[in-house]
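First up is the structure itself, then whatever we jot down about it.
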Amino acid sequence: MLKLNKIYTFMVCVVTLFMSGCQKDGVDPNNPPVLVLDTYSLNVDGGGGDIPLYYILSNPVKGGQFEVLSTEEWVSLKEVTSTTIVLHIEPCDSSQERFAMVTIKYPGLESAAKVTILQDKQLLNQFSFEVLDLTYKSCKVRYKPIDKSRPYMANIIDAEYFKQSGVSQEQAFVDAEMANYLTLAQRNNMTLEDLMGRVSPQLIYTGDAEREFIGMQPGATYVIYSYGITFSGNSYELTTPLHTTIVELPLPEMYNFTFDIRCNMSGTTASISIDPDDWTGYYSVQIAPDDSLYYVEPGMPITEGIVKNLANRFYTNARNAMKSGASAEQYLRANCYTGYRTLDVQLQSGKKYMIIVFAVESKDGEIPVMRSMPSILYI
């Protein structure tokens, strides 16, 4: 049995919690923070990787910090976002399975959250992944199975959708995925085995394989995954555990543009003037009241997480509009601005507001993306 005789404090991370609800200035004893994880036990294959723990934090404390501690040094913290605590698990170099305990603390919690991690021995690691090329909208991955003759699934999926599909229950995730393919097969008067033969090597591979994924969401987190599988008619059987790792797309390179924002108040009417200076393209204007998810208190830093959430919100809205039939230019004309503009906006009395302006751009009719850091004015 492993002796848990040493505690490794591998990171204390400040998390921007504007996506988790309004922050409190201190711990309210009648309404303390509550932390809920999507799972409290992880079974990890011998290859390790980056494993996300999805969480919801209610009643966050302003300036609150997560403290994450592990009993074993082969578990480390990669990052904390507004929805995930990502643990990095080193590949196992032992012929025995191994155990670790991770403790997650936060100011005001009645008790710390504890997550157990059981990692398989080295021989059970059947896949490794290598990211060959990464841009803000594409990713090329090399899948490397140990058994070069075994058929396997090679794919990538949005991390949030992966969570909703049952990532904590391996068989449930595969069953849901295969149910979708079975529906497609039956619609085309085929068996699942026939369909998978047709999509090989687009989905099902043997040996090392490279796949390039395009049209991805800038700044989003994706899960690379593989599992061995065989087919017979409409039946299938897993031949290896599900293997995963995560990859985070960067945002586009930001142009060096800032916007001059001014505001004159007349009662509850705000006359907001925006001068884009040398920027001749479109820009987005967002107004966040102090009780919204996107408001950041004055003096608080505009972190990378905040920028990503603004970029993701803009991208998602544009993508949904284009799925409904709008072109990129139509969406930009209807929702964004060019040149010097003055906007008259009705505000609610007794609230503070944050005006956010950033450049946006669509290349060759693609989904528009954020292209400058946000300029901000508080009113």
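Please read all numbers here as calculations on a predicted model, not as lab measurements. If you read the sequence from its start, that first residue is 1, and numbering goes on from there.
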Are side-chain heavy atoms of [X] and [Y] found at a separation under 4.5 Å?
X    : Y    : result
I51  : L42  : yes
V369 : V360 : no
I224 : I246 : no
I89  : Q119 : yes
L69  : M101 : no
F129 : S226 : yes
L251 : K308 : yes
Y378 : I376 : yes

Show the nearest heavy-atom pair for residues [X] and [Y], with the distance to one decimal.
X    : Y    : answer
A113 : Y40  : CB-CE2, 4.4 Å
D50  : T245 : N-OG1, 3.6 Å
A220 : D158 : CB-OD1, 4.5 Å
V131 : V247 : CG2-CG2, 4.3 Å
T338 : G281 : CG2-O, 3.6 Å

Salt bridge flag under 4.0 Å for residues [X] and [Y]:
X    : Y    : value
D290 : K351 : no
R142 : D208 : no
E130 : K144 : yes
K352 : E297 : yes

At what distance, to the nearest 0.5 angstrom, does [atom1] of [X] lie from [atom2] of [Y]?
X    : Y    : atom1 : atom2 : result
S284 : R313 : OG    : CZ    : 8.5 Å
L347 : I272 : CG    : CD1   : 6.5 Å
Q286 : Y353 : CD    : OH    : 15.0 Å
L192 : I229 : CG    : CD1   : 7.5 Å
L182 : E177 : CG    : CD    : 13.0 Å
E248 : T81  : CD    : OG1   : 7.5 Å

Parallel, tilted or perpendicular: ring planes of F173 versus Y225, cut at 30 and 60 degrees: perpendicular

Geometric class of the Y106/F66 ring pair [parallel <30°, tilted 30-60°, perpendicular >60°]: tilted

Any donor and acceptor pair, going by atom type alone, linking the side chain of [X] with main-chain N or O of [Y] inside 3.5 Å?
X    : Y    : value
S372 : A359 : yes
H88  : V75  : no
T183 : A179 : yes
N188 : M190 : no
S70  : E72  : yes

Grouping I, L, V, M, F, W and Y whenever their side-chain heavy atoms are under 4.5 Å apart, do [X] and [Y] come out in a common cluster?
X    : Y    : result
I85  : L118 : no
V296 : L377 : no
M153 : L238 : yes
Y294 : F259 : no

Candidate pair Y340 and D260, rule side chain to side chain donor-acceptor pair (under 3.5 Å), full reasoning: CA-CA 10 Å; Y340 181 89; D260 182 22; over 6 Å; no

Pair T342-S273, side chain to side chain donor-acceptor pair (under 3.5 Å): steps then yes or no: CA-CA 4 Å; T342 298; S273 299; 3.3 Å; yes

Ring centroid separation Y227 to Y152 under 6.0 Å: no

Pair F358 + Y283: ring centers closer than 6.0 Å: no

Test log, rule side-chain contact (heavy atoms from CB on, under 4.5 Å), inputs E304 and I306: CA-CA 5 Å; E304 182 180 4; I306 293 174; over 6 Å; no

Within a reach of under 6.0 Å around [atom1] of [X], are more than 12 heavy atoms found that belong to other residues, nucleotides or ligands?
X    : atom1 : value
E253 : CD    : no
E110 : CD    : no
N256 : CG    : no

Evaluation steps, side-chain contact (heavy atoms from CB on, under 4.5 Å), between R319 and F314: CA-CA 9 Å; R319 179 182 59 192; F314 175 81; over 6 Å; no

Within the 3.5 Å criterion, strictly below it, is a donor on [X] or [Y] matched to an acceptor on the partner's side chain?
X    : Y    : value
D194 : T191 : yes
D344 : T269 : no
S232 : S235 : no
N234 : E193 : no
S41  : T116 : no
E210 : Y205 : no

Worked verdict on V115 versus T39 for side-chain contact (heavy atoms from CB on, under 4.5 Å): CA-CA 8 Å; V115 179; T39 184; 5.8 Å; no

CA sep, side-chain torsions, deciding dist, call: N312, Q217, side chain to side chain donor-acceptor pair (under 3.5 Å): CA-CA 7 Å; N312 288 343; Q217 180 167 326; 3.2 Å; yes

Steps toward side-chain contact (heavy atoms from CB on, under 4.5 Å) verdict (D277, F257): CA-CA 8 Å; D277 195 16; F257 287 103; over 6 Å; no

Charged tip of R211 within 45° of Y143 ring normal and under 6.0 Å: no

